[in-house]
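Chain naming here is simple, since letters A, B, ... match the order of the sequence lines and numbering starts at 1 in each. Owing to the predicted nature of the structure, the values given are computational and were not obtained by experimental measurement.
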Amino acid sequence: MKSSLATWESLCAASGALRFIDVNLRSVGQVMFQDNPLSGVLFLAAIAWGSFAAGVPQVLFAGLIAVVAATLTAQWLRVDRASLHAGLYGFNGVLVGLALATFLAPGPLLWAYVVLGAAVSVVAMEATASVAKAWSMPALTFPFVLVTWLLLLATYGFAGLAGTALPAAGVVVPFTSMAATRLDAGAFVQATLLSISQVFLKGSVIAALFFLAGLAVNSLAAAIAAVAGAIVAVTTAHALGAESDLVTGGLLGFSPVLTAVALGTVFHRPGLRVAAYAALGTIFTVVAQAAFNVALTPIAIPALTGPFVLVTWMFLLPRLALDKATADPSGS
Amino acid sequence: MKSSLATWESLCAASGALRFIDVNLRSVGQVMFQDNPLSGVLFLAAIAWGSFAAGVPQVLFAGLIAVVAATLTAQWLRVDRASLHAGLYGFNGVLVGLALATFLAPGPLLWAYVVLGAAVSVVAMEATASVAKAWSMPALTFPFVLVTWLLLLATYGFAGLAGTALPAAGVVVPFTSMAATRLDAGAFVQATLLSISQVFLKGSVIAALFFLAGLAVNSLAAAIAAVAGAIVAVTTAHALGAESDLVTGGLLGFSPVLTAVALGTVFHRPGLRVAAYAALGTIFTVVAQAAFNVALTPIAIPALTGPFVLVTWMFLLPRLALDKATADPSGS
Amino acid sequence: MKSSLATWESLCAASGALRFIDVNLRSVGQVMFQDNPLSGVLFLAAIAWGSFAAGVPQVLFAGLIAVVAATLTAQWLRVDRASLHAGLYGFNGVLVGLALATFLAPGPLLWAYVVLGAAVSVVAMEATASVAKAWSMPALTFPFVLVTWLLLLATYGFAGLAGTALPAAGVVVPFTSMAATRLDAGAFVQATLLSISQVFLKGSVIAALFFLAGLAVNSLAAAIAAVAGAIVAVTTAHALGAESDLVTGGLLGFSPVLTAVALGTVFHRPGLRVAAYAALGTIFTVVAQAAFNVALTPIAIPALTGPFVLVTWMFLLPRLALDKATADPSGS
């Protein structure tokens with residue numbers, strides 16, 4: 001595999017068109033921290049499967065349009081070349097496109113909105129990186145969260161954009177389970193896998209396997225951390241008495257999965273102390289996800305990966321001597 | 001005009017009383033980034049016209065009391081002399097005074113509230129500048145927004161202050177236009193001009209012309225950017241299907257106007273790439289304004305210029321090679 | 001007293017167990033900025049009295065468990081030894097424990113929640129300190145506020161944790177007093193003392209006296225500032241027409257008390273200009289407390305000491321020449 005990647009890299013160096021494709025594939029891979037075009041291909045396959053299986057092909061197309069729009073905007077703004085080639089200016093755009101097409105009804109204005117959001121996500125990335133750099137922090141998916149929250153909130157004021165799949169606005173009501181629900185083995189496995197696929201807003205077991213493959217081709221540790229993080233998240237959420245549908249749908253697990261991958265493999269060298277620290281962060285991300293869901297109830301928007309960003313920043317900011325840092329934390 | 005300003009400046013240098021008036025006039029001018037006492041005079045004329053025409057003279061008086069209270073507080077706190085003389089410690093106070101008297105019922109506690117808010121706006125300015133300086137960012141109107149939000153929110157807990165003109169609290173409901181409303185030429189011109197006058201919380205065409213004059217005497221580019229920004233904002237808001245009354249009242253346009261002036265003329269040298277970048281920021285400020293309106297619905301306070309601050313910071317933080325910076329970004 | 005403290009210190013230097021107790025007592029003392037084990041003992045006595053008198057002994061136990069959990073976590077994370085010994089890694093944990101047991105129903109998951117919250121408060125402290133350090137700002141109780149808000153919000157999504165004493169969710173409604181309520185001498189004294197005891201979430205006059213004693217043994221100025229701040233807060237809240245029960249219950253005064261102690265004695269050398277500046281901050285903290293109460297109404301969580309943190313940061317960030325700083329501002 002390494003030699004095919006080397007061949008691909010030399011082809012990209014020779015061809016502007018292939019380089020452009022390469023940058024966009026790496027951008028898709030960077031949604032889960034993987035700077036590898038093959039990860040991007042497998043992630044795209046998962047998105048395609050998930051979109052077509054759910055009867056929403058426009059989600060795939062929005063993701064593709066958005067990543068291209070983001071890359072073109074980054075080129076126009078003459079951003080740092082190395083970061084651009086590593087896909088760091090595109091992954092927020094991918095997510096903006098997927099989210100907008102997931103929560104909003106199709107229509108001509110949706111596509112204008114996708115392009116606008118993708119373009120602004122590049123500015124937001126540069127702004128976030130500029131602030132975060134002061135503490136050697138990565139931008140994570142904060143630009144995606146910020147830009148998408150604003151775009152989704154605004155749809156309530158625009159007749160031209162209908163938020164057909166947005167959560168309903170309401171007052172905060174405590175959740176009380178009808179009875180002690182059991183989480184049997186099948187439900188547990190589904191909950192674990194969907195926690196992984198929901199990172200890309202997809203609720204599909206097959207998509208989850210593609211996502212895991214995309215992680216594994218670049219980093220086996222990342223794939224293991226994703227599964228472990230999902231298991232920790234599902235167990236925690238169930239133990240605390242979360243709504244069964246949220247747990248089995250992976251909707252309390254996708255932020256914790258990202259936290260587990262980030263804290264456990266990307267920004268620290270894996271090890272026992274790191275694993276314990278990452279587990280604490282992963283458990284607290286479940287709490288943060290539930291908290292964001294509640295806090296956003298009155299304004300009727302989804303939490304997206306906001307809880308992951310908050311908790312991962314909180315756990316990365318202390319310069320603890322857990323290990324020696326392996327990855328460049330100024331990256332994605 | 002330049003020679004009269006030079007004469008005025010030499011008079012101010014000789015008289016403490018004239019210097020005090022000069023500082024307060026420049027503070028009014030700095031609401032739209034103009035360090036010029038004549039801009040201040042014309043802006044004040046606009047505020048006076050708008051206040052008396054709408055039957056709310058107390059708004060003018062609150063603005064005057066607030067700017068004086070802010071200047072006195074700044075002198076007591078011994079802030080930087082050059083920034084004080086440039087009006088940078090007073091423009092947030094002006095806006096606090098105008099906003100409080102616009103949204104709250106008159107009464108003895110209102111005036112105490114205006115003085116308190118103006119005094120605290122100086123502390124908030126110094127605090128914001130201290131943080132923003134780390135990225136060479138201007139404070140913009142963040143101190144005004146923060147202090148006024150807190151003061152307005154608190155009135156719901158105080159029987160002594162009645163928020164008679166505050167928005168009603170409610171749950172978020174998607175806006176659906178009854179039918180395709182048309183924006184004819186008259187409505188378009190009104191929407192454009194009121195987008196400018198609403199920067200000072202005024203809905204008056206004549207006030208808007210005074211504001212434009214106040215911009216033009218100091219910077220023709222700023223006046224052009226204000227009009228262009230307003231046109232972009234009105235067009236965007238209408239195209240996305242915003243409520244007609246909000247559009248024609250200028251209520252979705254005042255934040256974008258400020259973004260256009262800031263990004264297009266104050267912090268960048270005007271040019272083609274800068275204009276395109278400022279237009280992107282202006283369009284996104286319309287989205288942010290609608291988003292803030294929605295997000296603040298449950299807590300029943302107005303967005304003020306919060307969307308302008310957020311988007312302008314987001315677009316200024318990337319140190320892009322769009323041009324060479326002309327203005328000192330550590331200013332207003 | 002000084003010699004007994006010196007004896008105690010030498011005993012701690014010799015015994016790991018005593019040092020551990022010392023660190024935890026200082027952590028309790030640091031809730032109100034006092035790096036003194038005797039302050040911790042008196043504060044604990046106050047918490048014990050308040051908890052048993054109100055029939056909620058679990059609050060005391062939660063505070064004890066939390067401070068120990070926080071200290072152990074800090075040791076595991078190998079934080080800075082001097083700051084650990086000064087109690088700077090435990091005071092947020094104490095407050096997390098007290099708050100969780102105050103607002104949530106007892107039960108096995110509550111204790112897991114207390115330990116989780118206390119452990120994460122240490123990470124949050126290190127993260128906050130890392131950011132705040134850039135402006136030589138103290139972390140204050142921000143870690144407590146952030147972690148507790150998330151934990152409390154999340155309970156609305158977890159059937160295993162019941163927020164029996166959380167505020168009810170609702171829409172924002174302006175408060176109108178039925179008639180002009182008078183605040184007689186007895187009510188005024190009660191309001192003042194409870195404003196002090198509510199710093200530790202206790203509504204008890206006797207507890208307040210213990211808290212004042214705990215301040216006085218380490219800093220007479222701090223005890224005076226606490227009383228003066230409480231008087232200013234009660235007077236301001238009543239003058240603005242706040243709800244009588246909130247005023248006499250000390251619920252609008254505990255954040256201002258902390259602001260008064262912090263601005264008046266901890267981070268500035270006491271003096272006339274400092275007192276005036278601290279008074280302005282204290283008055284504005286009353287506004288901020290009322291504002292937070294309103295803003296949090298739709299999501300049904302308490303403001304905690306969030307208003308104190310916001311206003312004190314705002315008033316500390318300007319590097320004003322009010323005095324020469326006495327305390328190390330990088331502390332609690």
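There is no contact between A:Leu316 and chain C, counting heavy-atom distances below 4.5 Å. Interface remark: A:Ala276 contributes backbone and side-chain atoms alike to the contact with chain C (heavy atom separation under 4.5 Å). For C:Val171, no part lies under 4.5 angstrom from a heavy atom of chain A. No part of C:Leu296 comes within reach of chain A, as not one of its non-hydrogen atoms sits under 4.5 angstrom from that chain. Proximity to chain A (any heavy atom under 4.5 Å) is shown, for C:Leu151, by both the backbone and the side chain. Contacts between A:Phe292 and chain C at a heavy-atom distance below 4.5 Å involve the side chain alone, from C-beta outward. Using a 4.5 Å cut-off between heavy atoms, A:Val311 does not touch chain C at all. Contact of C:Ala112 with chain A is not made at all, since no heavy-atom distance falls under 4.5 Å. Contacts between A:Leu246 and chain C at a heavy-atom distance below 4.5 Å are absent for every atom of the residue.
When atom types are taken as modelled, the side chain of A:Arg273 and the backbone of C:Trp76 share a donor-acceptor pair closer than 3.5 angstrom.
In this structure, A:Arg319 CZ and C:Glu126 CD are separated by 11.0 Å, a value rounded to the nearest 0.5 Å. Here A:Leu317 contributes atom CG and C:Thr128 contributes atom OG1; the two are 8.5 Å apart, rounded to the nearest 0.5 Å. A distance of 6.5 Å separates CG of A:Leu252 from CZ of C:Phe158, quoted to the nearest 0.5 Å. Residue A:Leu240 holds its CG atom at 6.5 Å from OH of C:Tyr113, rounded to the nearest 0.5 Å. How far CD of A:Gln289 is from CG of C:Leu150: 11.5 Å, rounded to the nearest 0.5 Å. To the nearest 0.5 Å, atom CG of residue C:Leu153 and atom CG of residue A:Asn293 are 10.5 Å apart.
Using a 4.5 Å heavy-atom cutoff, the side chains of C:Leu116 and A:Leu280 are in contact.
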**Prompt:** Do A:Thr297 and C:Tyr156 pass the side-chain contact (heavy atoms from CB on, under 4.5 Å) test, and can you show the C-alpha distance, the side-chain angles, and the key distance before you say yes or no?
**Reply:** CA-CA 11 Å; A:Thr297 301; C:Tyr156 290 103; over 6 Å; no
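The shortest non-hydrogen separation linking C:Ile299 to A:Val172 is CA-CG2, 3.9 Å. Taking both residues in full, the closest heavy atoms of A:Trp135 and C:Ser130 are given as NE1-O, 3.1 Å, listed atom of the first, atom of the second, then distance.
Interface check for chain A: of the options C:Leu152, C:Val120, C:Thr155, the most heavy-atom pairs under 4.5 Å are formed by C:Val120. Across C:Ala300, C:Ala168, C:Ala154, the residue that shares the most heavy-atom pairs under 4.5 angstrom with chain A is C:Ala154. Note: C:Ala124 leads C:Ala162, C:Gly163, C:Ala124, C:Pro143 in heavy-atom pairs under 4.5 Å with chain A.
With A:Pro318 as the fixed residue, the side-chain contact (heavy atoms from CB on, under 4.5 Å) test singles out one of C:Val122, C:Val123, C:Leu77: C:Val123.
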